[in-house]
S.K.: 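Sharing a structure, written as C-alpha cells. Questions coming.
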Amino acid sequence: AVNWCPKEETVLSNEQSSGGICWRCGTQVTKKEIEQWYLRTTKYAEQLVADIEEIEKGWPEKVIKRQRDWVGRSEGAYIDFKVKDSDEKIRVFTTRIDTIYGATAIVVAVEHPILPKLLEASALKDQVMTFAEQVKASRAIKTEDQSEEEEKLGMNTGRLAFNPFNGELLPIWVANYVLMDYGAGAVMSVPAHDERDFEFAQKYTLPIRQVIAPIVHGQQSEPVDQAPGGDQSMEMKNAFTEYGVLVNSGEWSGKLSQDAIREMADYAAEKDFGGGAVTYRIRDWGISRQRFWGAPIPVVYCPKCGMVPVPEKDLPVMLPEKAEFTGTGESPLKTVPEFVNTTCPTCGEAATRETDTMDTFVDSSWYFFRYCDPRNETSPFDPGIAAYWTPVDQYIGGDSHAVMHLIYTRFWTKVMRDLGLVKFNEPVKRLLTQGMVTNKVEGTNEYKAMSKSLGNGVDPDEMIEAFGADATRLFVLFAAPVENELRWSETGIEGAVRFLRRVWTMVYRWRERLPGSAGIPPAEFSDAARALQRKTHQTIARVTDDFDKLDLNTNVAALMELLNALGEFNVEPGNASDADVFAVREAIEALVIMLAPFSPHIAEEMWEGLGHSGGLLKSAQWPVANPELAMKDELEIPVQVNGKLRSRVIVSPDISEADLRELALADAKIQTFIDGQKVVKVIVVPQRLVNVVVK
RNA sequence: GCGAAAGUGGCGGAAUUGGCAGACGCGCCAGACUUAGGAUCUGGUACCGAAAGGUGUGGGGGUUCGAGUCCCCCCUUUCGCACCA
C-alpha cells in the first residue's frame, strides 16, 4: 500500500513502503517520494513529541502542553473496508479498534476522493453531491465565527462496505463532521462508544450496538450475548467512551480494551487489511510568501532542466532594491526583469528565478545561530562558533509564540542537526514566556495588548524621555511577575523614579566617607551598624537566589527594603565610626551592583561616583552573602494559644526547645489566656513558633 | 462542550512551600517644609470596634495543635482546544 500520495497531499498510513499506486487517485508514487515525505513529516513530528523530555524541565508546562496538542500525536490503527460490488476500499483511522464490532456505518468526509466513484452508478448521485457542495460552501463562510458546534448533517450514499472483522455489511454515509485533513478522511461509526457517532446515529436513527462493557469492581461484568445487528438505541442514553471489556465481539469477546487494541491491530496487519499506525495533527509548513522582502527562495526554473537549485557558490541570492506591487496577489518581484531573468546554473540557457520569498518564520527559526557569527560571508554560520554559544541557555519571548515560532525553531534545529550544522536536538534549554504589557483601550474599560490598530500603544521613546530608560525598565520588571500580564500605569513609573532618586541621594550623601577600598572589618559594630550589615547580607542572599528563579519583581522589592534599611540607619556621615562607614559601604555597594541589571545606566554612574574606575560591568564583582552575617542575633517567636496569635517572645536563635517552651508559657499575656484552663499540649517549632493547646 | 490555570486590601502583588496573612510599590489620608505644590520629607492605611478584642485569603465542608497553602463539592474569571475518530 502507498502511504503518501503527492497528489492527494494526504497521509494514508505511517508505515514506510516501497511505492506503488495510490489507491485513492491512481497516481504512481515512487519509493523515493515516499521516503522524502516520511523524512519531512513523520520523522520530525515524532521527534517534536519525543524530544520534549529534553526540555520540559526548563519550559513552562503551558507551552509544552500546547505544543503537544499542536503536533497532535495519536496512536491507533488503519482499517480497510472493502466496498461491496466494487474493487474500492475505504480506509479509516481509529484509536478504538476494539469497538469495531459496534460499527454500524462508514462515514466519509465530503471532500473524500472516493465519493464520486461510489456515486457513479447511484441514483442518489445528484442529491449527495449537492449535499457535499453545500457543506463545503458553508465551511468557507464560517471561518471566523467559531463559538457553537455545528449541527451534524449527513446523507446515505446507498453503497455498502464489509466490516473485515465479521463480514457485516455497513452503509456508507457522507457527513460534515468527518474531516478530510485528519486521519484517513473517513471513520467507522460506532455510536455506542463515541459521542459524535452517538449523536449522529440518534439523529439519523442508525442502530446503536454496545460492544464494550464497563468493568465493575475490577471484575468484568457478565458479557451479554447479542446477535450482530441488534439495536440498543432505546436502552443507551449516552455513548460509553471508556475502556472496558469486549462483548458481542465474536472470538474477541471477554478481552480487555487495552489488550484488544493491540491484538486486533496485529490481526489486521496479518490479514493485510490495516494495522497499527500513528497519526499527527500537525500539517506541512508552506513557506512561500508573495512579498518583495524576505529571504529569496534560491531556485531557478529552466525550460530544459526544470527546477534547479542555485549553487552554493552563487548564494546568497540578492533582492532588488525596488519592486512594484502587482495588484494580482503575485510577488512584486515578478515586476523586476533584472531579478527574474537569469541563466540556468546547469545548462547556461536563459531561465527565470523563483519570485516568492520565504515566510519570516523561516528567519526567526534560526536567527540566534546567525547572531553568533553575523559577519560570516561564506555560510549561514560557522558550526564551531555556534557550538560555543548554543544551545540557548535562556530564551525569553511572549507566549503568543508558544506554538508557531517555538515549534518551527525546534523543527528547524532538527533539520540543521541532520545537515551536520549543529550537534544537538533542541535549540533552547530554558524558556521564559513573559506577559504582555497591556493598556486601556480608549473609550472602554478593557485592557488589551498594545497595538497600532487599537491605538493604545505607548511610545517607549516618550517614556524614556519623560522618566528615563532606567526607571521605565525598573518599573516594568517590578510591577508584576514577568510571566504575568502588566497593566501600564504612569504613576507606577513615578514610584520607580522616586526610588532611583533616593538611591542616588543616599550614594551622594555618603560618598565623601567612602573612598578607596573597604579594608578589614572593624572589631566593634554598633547594634545599628550590625543590623544594617545583617540586612545587606540577607538581601544579597535573597537577590542572588531570586535571580536564578527569575523572580525579578521580588528582587526589586528586596533592593527597596535595603534602601529603606539604609534610610533607617540614623547616623550622620560626619559622625560615623569606622564600623558605621564599613557597614554603609557594604550596603551601598551591594545595592548599586545588584541594581545594575535593572537600571544599568544610573548604576554605572553611581559606581563611578563611589570612586571606582573601569566601569561597573567590568570591575565590579557580584556581592557574596555571608550566612553568618545574615543570621539574626535574636528571634521574635510568635506564641499562639489554640492556634491564635496571642503574644511574642524575644529569644536567642540557639535557645533550646525546653527553654523556649518555658519562656512562652511564662509570658504574662499567655498566662491570662491559659488561666484556669488545662494545658493539653505545647507544640514547639524551633526558630518558628510556639502553640499552646488548652481545654 | 472539553482541558488547564487562577481567585489574597482601593490597585499591582508578597508569603522561606503546612507555622506571625498583606512584604515592596501604587493610590489614599494626615502632618512638615514652602509664595506655591502635580516637588520633597515624616507618619498612617485589610475590615468591624472607643478599647479589650473579634473577623478576614471566592463560597461550603474536611484533615491538622495549626490551612492562603493539603483533600472533597460548588461558584467565578482567564487562557487553550474546538467535531482530531
Side-chain angles (χ1 to χ4, degrees), chain A residues 60-63 65-66 68-74 76-79 92-97 99 103 107 109 146-152 175-190 193-197 199-200 241 279-282 399-400 402-403 474-475 478-481 484-499 501-502 505 538 541-542 545-546 551 553-564 567 636-648 672 680-695:
Chain A
E61 241 175 273
K62 224 173 120 186
V63 174
K65 192 190 173 296
R66 285 185 63 186
R68 275 217 170 89
D69 289 351
W70 189 265
V71 177
R73 184 181 196 277
S74 182
Y78 284 111
I79 307 152
V92 306
F93 178 72
T94 178
T95 53
R96 293 297 302 274
I97 191 173
T99 65
V107 187
Q146 334 93 305
S147 59
E148 79 249 37
E149 193 164 291
E150 218 177 331
E151 192 193 356
K152 289 182 177 48
N176 64 345
Y177 77 97
V178 177
L179 305 175
M180 194 59 223
D181 294 338
Y182 184 78
V187 301
M188 60 178 196
S189 179
V190 185
H193 304 292
D194 181 283
E195 277 161 22
R196 294 152 304 182
D197 295 338
E199 193 190 326
F200 190 71
T241 59
T279 58
Y280 302 89
R281 198 159 82 98
I282 195 168
D399 69 357
S400 52
V403 280
L474 186 75
F475 164 69
F478 169 65
N484 281 23
E485 169 190 309
L486 172 69
R487 294 191 167 187
W488 188 250
S489 132
E490 287 192 14
T491 55
I493 307 190
E494 283 163 18
V497 173
R498 269 200 290 273
F499 167 67
R501 190 144 48 202
R502 285 169 61 213
T505 308
Q538 286 169 350
R542 192 172 147 195
D545 223 49
D546 283 2
D551 287 344
N553 58 325
T554 53
N555 240 335
V556 177
L559 297 178
M560 288 172 167
E561 283 183 45
L562 182 55
L563 176 68
N564 292 345
E636 200 184 47
I637 303 289
V639 183
Q640 303 178 330
V641 176
N642 286 347
K644 292 201 173 178
L645 178 70
R646 294 305 184 189
S647 184
R648 296 187 166 94
T672 70
V680 183
K681 203 174 181 184
V682 181
I683 313 275
V684 179
V685 185
Q687 315 243 346
R688 274 281 165 75
L689 101 170
V690 178
N691 187 15
V692 183
V693 186
V694 298
K695 215 171 159 177

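Note that these values count all heavy atoms, side chains included, but never hydrogens, waters or copies made by symmetry. Naming convention: chains lettered A, B, ... in sequence-line order (proteins, then strands); numbering from 1 in each chain.
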S.K.: Starting at CD of E61(A), measure out to CZ of R66(A) and round the result to the nearest 0.5 Å.
M.R.: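 Between atom CD of E61(A) and atom CZ of R66(A) there are 14.5 Å.
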
S.K.: Atom CG of L645(A) to atom P of G54(B): distance rounded to whole Å?
M.R.: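 In whole Å, G54(B) P lies 10 Å from L645(A) CG.
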
S.K.: Need one value for G72(A): base, sugar-phosphate or nothing, where a base atom within 4.0 Å counts as base even if backbone is also close, heavy atoms only.
M.R.: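 Nothing: the residue G72(A), judged by heavy atoms under 4.0 Å, touches no strand.
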
S.K.: Judged by each residue's nearest nucleotide on RNA chain B, which is more toward the 5′ side, D69(A) or R96(A)?
M.R.: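 It is D69(A) whose nearest nucleotide is closer to the 5' end.
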
S.K.: Please indicate whether E485(A) has more than 12 foreign heavy atoms, meaning atoms of other residues, nucleotides or ligands, lying under 6.0 Å from its CD.
M.R.: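 Counting neighbours around CD of E485(A), more than 12 heavy atoms of other residues, nucleotides or ligands fall under 6.0 Å, so yes.
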
S.K.: Examine distances only and state if a side-chain atom of R281(A) and a backbone atom of D69(A) form a donor-acceptor pair shorter than 3.5 Å.
M.R.: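 The answer is yes, because a donor-acceptor pair under 3.5 Å joins these two groups.
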
S.K.: With a 4.0 Å cut-off on heavy atoms, is V682(A) in touch with a base, just the backbone sugar-phosphate, or nothing at all?
M.R.: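 V682(A): no heavy atom of the nucleic acid under 4.0 Å.
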
S.K.: Taking the same atom, C1', in A39(B) and in U76(B), what whole-Å distance lies between them?
M.R.: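 Pairwise C1' distance, A39(B) against U76(B), rounds to 44 Å.
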
S.K.: Checking D551(A) side chain against T554(A) main chain: does a donor-acceptor pair fall under 3.5 Å?
M.R.: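 No; judged by distance alone, with no hydrogens or angles, the pair does not exist.
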
S.K.: I'd like the P distance from G62(B) over to G56(B), given in whole Å.
M.R.: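 The answer is 14 Å between these two P atoms.
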
S.K.: Between side-chain atoms of residues 491-498 of chain A and protein atoms elsewhere (two or more places apart, or another chain), which donor-acceptor pairs fall under 3.5 Å?
M.R.:
from: T491(A); atom 1: OG1; to: S489(A); atom 2: OG; distance (Å): 3.2

S.K.: Can you check the K152(A) NZ to A82(B) P distance for me, whole Å?
M.R.: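 Nearest whole value for this atom pair: 15 Å.
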
S.K.: Mark yes or no for whether N642(A), through its side chain, and V694(A), through its backbone, hold a donor-acceptor pair below 3.5 Å.
M.R.: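 Here the side-chain-to-backbone pair exists.
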
S.K.: Test your reading of the model: is there a side-chain donor-acceptor pair from N691(A) to the backbone of G643(A), 3.5 Å cut-off?
M.R.: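 Side chain of N691(A) to backbone of G643(A), a donor-acceptor pair under 3.5 Å: yes, one is there.
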
S.K.: Determine if the base of G25(B) is syn or anti; take syn to mean the glycosidic torsion is within 90° of 0.
M.R.: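 Chi for G25(B) falls in the anti range.
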
S.K.: Starting the side chain at C-beta, find the nucleotide from G80(B), C83(B), C20(B) nearest to Y177(A).
M.R.: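 Nearest to the side-chain atoms of Y177(A), counting from C-beta on, is C83(B).
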
S.K.: Considering only atom P, compute the distance from G31(B) to A36(B) and round it to an integer number of Å.
M.R.: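 Result for the P pair: 15 Å, nearest Å.
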
S.K.: Between G7(B) and C70(B), how far apart are the P atoms? Round to whole Å, please.
M.R.: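 Their P atoms lie roughly 10 Å apart.
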
S.K.: Can any side-chain N or O of R502(A) pair as donor or acceptor with the backbone N or O of M560(A) at less than 3.5 Å?
M.R.: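 No, R502(A) side chain to M560(A) backbone: no donor-acceptor pair under 3.5 Å.
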
S.K.: So does K62(A) reach the base of C79(B) with its side chain, donor to acceptor, closer than 3.5 Å?
M.R.: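 Absent.
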
S.K.: Could you check if the base of U17(B) is syn or anti? Syn means the glycosidic torsion is within 90 degrees of 0.
M.R.: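 Here the answer is syn: the torsion falls within 90° of 0.
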
S.K.: Taking the minimum atom-to-atom distance to the side chain of N564(A), which one of G25(B), C83(B), C20(B) wins?
M.R.: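 Taking heavy atoms from C-beta onward, the closest nucleotide is G25(B).
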
S.K.: Is there a donor-acceptor contact under 3.5 Å from the side chain of N484(A) to the main chain of A479(A)?
M.R.: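 Not a single qualifying donor-acceptor pair exists.
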
S.K.: Rounded to whole angstroms, how far apart are CD1 on I79(A) and C1' on A85(B)?
M.R.: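 That distance rounds to 11 Å.
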
S.K.: Of the nucleotides C20(B), C24(B), G27(B), which has the atom closest to the M560(A) side chain?
M.R.: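 Of the options given, the side chain of M560(A) lies nearest C24(B).
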
S.K.: What's the CG-P distance between N176(A) and A85(B), to the nearest Å?
M.R.: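 Whole-Å distance recorded here is 18 Å.
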
S.K.: With rounding to the closest Å, how many angstrom separate the P atoms on G22(B) and C47(B)?
M.R.: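 Nearest-Å result for G22(B) against C47(B) at atom P: 13 Å.
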
S.K.: Taking only residues two or more places apart in sequence, or in another chain, which ones meet W70(A) in a ring pair (Phe, Tyr, Trp, His ring centres under 6.0 Å)?
M.R.: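 Counting only residues at least two positions away or on another chain, W70(A) forms no ring pair (Phe, Tyr, Trp, His ring centres under 6.0 Å).
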
S.K.: Any protein N or O atoms within reach of nucleotides 51-53 of chain B? Criterion: under 3.5 Å, listing atom names and distances.
M.R.:
none

S.K.: Write down the distance separating the C1' atoms in C79(B) and C24(B), rounded off to the nearest Å.
M.R.: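 That atom pair is separated by 28 Å.
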
S.K.: Rounded to the nearest angstrom, tell me the gap between atom CD in E151(A) and atom C1' in A82(B).
M.R.: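 Taking atom C1' of A82(B) as the reference, CD of E151(A) is at 18 Å.
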
S.K.: What is the nucleic acid contact for E636(A), judged by heavy atoms within less than 4.0 Å: base, sugar-phosphate only, or nothing?
M.R.: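 Contact class for E636(A): base.
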
S.K.: Once each nucleotide of nucleotides 12-19 of chain B is scored for protein heavy atoms under 4.0 Å, what B/S/- sequence comes out, 5' to 3'?
M.R.: BSS-B--B

S.K.: Please enumerate all protein N or O atoms sitting under 3.5 Å from an N or O of nucleotides 39-49 of chain B, with distances to 0.1 Å.
M.R.:
from: U40(B); atom 1: OP1; to: R501(A); atom 2: NH2; distance (Å): 3.3

S.K.: In whole angstrom, give me the gap between the P atoms of G37(B) and C28(B).
M.R.: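 Here G37(B) and C28(B) have their P atoms 16 Å from each other.
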
S.K.: Expressed in whole Å, how much space separates the C1' atoms belonging to G68(B) and A6(B)?
M.R.: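 Approximately 13 Å lies between the C1' atom of G68(B) and that of A6(B).
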
S.K.: Over how many whole Å does the gap from N642(A) atom CG to A67(B) atom C1' extend?
M.R.: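 Taking CG of N642(A) and C1' of A67(B), I get 16 Å after rounding.
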
S.K.: Applying ring pair (Phe, Tyr, Trp, His ring centres under 6.0 Å), name anything that partners Y177(A), two or more places apart in sequence or on another chain.
M.R.: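 Applying ring pair (Phe, Tyr, Trp, His ring centres under 6.0 Å) to Y177(A) gives F200(A).
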
S.K.: Using a cut-off of 4.0 Å on non-hydrogen atoms, how would the nucleic acid contact of R66(A) be classed: base, sugar-phosphate, or nothing?
M.R.: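 Counting heavy atoms under 4.0 Å across all strands, the contact made by R66(A) is with sugar-phosphate only.
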
S.K.: Distance check needed: C79(B) C1' versus K65(A) NZ, whole Å only.
M.R.: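 Answer to the nearest Å: 11 Å.
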
S.K.: When you match T491(A) and V178(A) each to their closest nucleotide on RNA chain B, which lands nearer the 5' end?
M.R.: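 Checking each residue's closest nucleotide, the 5'-ward one belongs to T491(A).
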
S.K.: Taking the minimum atom-to-atom distance to the side chain of A557(A), which one of A23(B), G25(B), A85(B) wins?
M.R.: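 Selected nucleotide (nearest to the side chain): A23(B).
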
S.K.: Round to the nearest Å and state the distance from W70(A) atom CH2 to G80(B) atom C1'.
M.R.: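 Whole-Å distance recorded here is 12 Å.
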
